[in-house]
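One structure below.
Below, chains carry the letters A, B, ... as their sequence lines are ordered, and counting in each starts from 1.
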Number of protein chains: 2
Amino acid sequence: MAKRSADTGSRILDAAERLVQQRGYNGFSYADVAAELKITTASLHYHFAGKAKLGRALIERYAERFTEALATIEARLPDARARLDAYVDVYGDVLRGRRLCLCGMLAAEYQTLPKPMRQSVIQFFDDNEAWLTRVLEAGRQEGSLRFSGSAVDAARMLISGLEGAMLVARPYGEVGRFRAAVAQLLTGLAATPAGH
Amino acid sequence: MAKRSADTGSRILDAAERLVQQRGYNGFSYADVAAELKITTASLHYHFAGKAKLGRALIERYAERFTEALATIEARLPDARARLDAYVDVYGDVLRGRRLCLCGMLAAEYQTLPKPMRQSVIQFFDDNEAWLTRVLEAGRQEGSLRFSGSAVDAARMLISGLEGAMLVARPYGEVGRFRAAVAQLLTGLAATPAGH
DNA sequence: GTCTATAGGCAGATAGAC
DNA sequence: GTCTATCTGCCTATAGAC
């Protein structure tokens with residue numbers, strides 16, 4: 001009953017996702033995916049009619065899983081500060097696999113993406129922003145977080161900072177760079193000023 | 001005596017630079033540059049033996065100009081806070097042209113870049129970090145800037161934040177998003193807490 | 001320095017057998 | 001569902017005339 005291995009469609013998405021996060025949408029080919037799965041590119045086309053459709057499916061699944069991860073964070077952690085820290089950890093985990101955020105990578109390549117993919121990238125950032133805005137607003141209410149300006153601006157700052165910290169840290173191959181940059185990013189948000 | 005137009009080498013670099021900042025290193029071709037300059041790709045190879053060498057020349061020139069811009073900022077502006085603001089404006093100007101920072105884009109594509117290009121990308125970030133660290137340290141000394149932790153960590157946070165803010169803002173086509181995110185990024189650094 | 005012509009490879013994609 | 005075979009187009013790159 002237990003499935004020993006995922007079906008081909010999922011395995012294609014797994015391989016393509018890793019390739020895009022590491023090399024970019026314009027930096028991988030059907031041949032790369034096919035070689036990894038030991039099938040032919042013709043078989044690939046059976047599952048995903050074209051590269052654009054594969055790309056769109058990648059974002060959809062990635063966004064879905066991200067949403068699930070955020071729901072889990074909310075279910076398990078009660079206070080805003082802990083939720084924020086857990087959110088940051090999601091990004092750190094991605095970087096540890098020498099990957100960028102899928103949509104961060106696609107944002108860099110945005111101007112070359114097929115139109116349908118573009119809207120999905122925007123949607124990912126919008127969803128993240130909405131979730132983070134709610135957490136920040138709650139944190140301000142409960143007194144665990146503080147920030148000047150609107151919660152949505154603070155959320156945008158954080159998302160930008162996290163995406164950028166991954167982008168810059170990866171060439172150095174040091175997750176410590178990411179952590180240090182993000183720690184600095186968060187100091188301004190702590191209701192209790194960071195001790196020194 | 002006045003040169004009416006730049007020489008071919010420079011015009012190639014101009015076109016290629018714009019293409020990389022907008023579409024990425026893997027998202028442009030010799031044919032794109034050749035078409036823009038109305039020459040052939042064979043002529044392109046006379047000036048730059050291969051795409052990797054062109055890529056390296058792009059980074060070298062970009063880094064050189066960046067260094068000059070930073071020197072100009074130091075020459076014209078006396079205090080650290082003004083220098084920091086001017087530094088941020090450099091990024092904003094790039095984004096206004098619907099471009100990313102050249103090295104931010106190349107950082108995304110890092111794993112696919114020819115080896116010689118990689119070291120140049122790292123060098124760009126190292127130089128920026130060193131300059132910004134000096135400005136931040138000076139600002140702390142003169143009392144115009146404050147931050148917890150080391151100046152170098154604050155510098156890394158700022159560079160990450162600026163690169164990320166460009167990355168995320170561009171798909172939306174709104175420079176306002178960049179400005180708002182960066183404003184939030186800087187609030188923690190103002191010695192005089194943002195009044196309200 | 002710029003051209004024409006072309007090589008050689010890889011890209012995404014399709015037809016049709018099994 | 002997966003294969004072989006093939007197509008067309010674009011890519012980087014080079015030889016050699018002008």
I'd like the 5' and 3' limits of the part of DNA chain D contacted by chain A, with heavy-atom contacts below 4.0 Å.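 Range of nucleotides within reach of chain A: D:dG1 to D:dT4.
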
Is there a donor-acceptor pair closer than 3.5 Å between any side-chain N or O of [X] and the backbone N or O of [Y]?
X        : Y        : value
B:Arg140 : B:Phe147 : yes
B:Glu142 : B:Ala80  : yes
A:Gln184 : B:Ser148 : yes
A:Thr41  : A:Leu44  : no

Return the minimal non-hydrogen interatomic distance between B:Glu74 and B:Arg134, and the atom names on each side. OE2-NH1, 3.3 Å

Side chains of B:Asp127 and B:Thr67, donor plus acceptor under 3.5 Å: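 No, B:Thr67 and B:Asp127 have no side-chain donor paired with an acceptor closer than 3.5 Å.
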
Going by heavy atoms in the side chains, are A:Val135 and A:Ile73 under 4.5 Å from each other? no

Please tabulate, one pair per line, each protein N/O and nucleotide N/O from nucleotides 12-14 of chain C that are separated by under 3.5 Å, including the distance.
{"residue": "C:dG12", "atom": "OP1", "partner": "A:Lys51", "partner atom": "NZ", "Å": "3.2"}
{"residue": "C:dG12", "atom": "OP2", "partner": "A:Tyr30", "partner atom": "N", "Å": "2.9"}
{"residue": "C:dA13", "atom": "OP2", "partner": "A:His45", "partner atom": "NE2", "Å": "3.4"}
{"residue": "C:dA13", "atom": "OP2", "partner": "A:Lys51", "partner atom": "N", "Å": "2.9"}

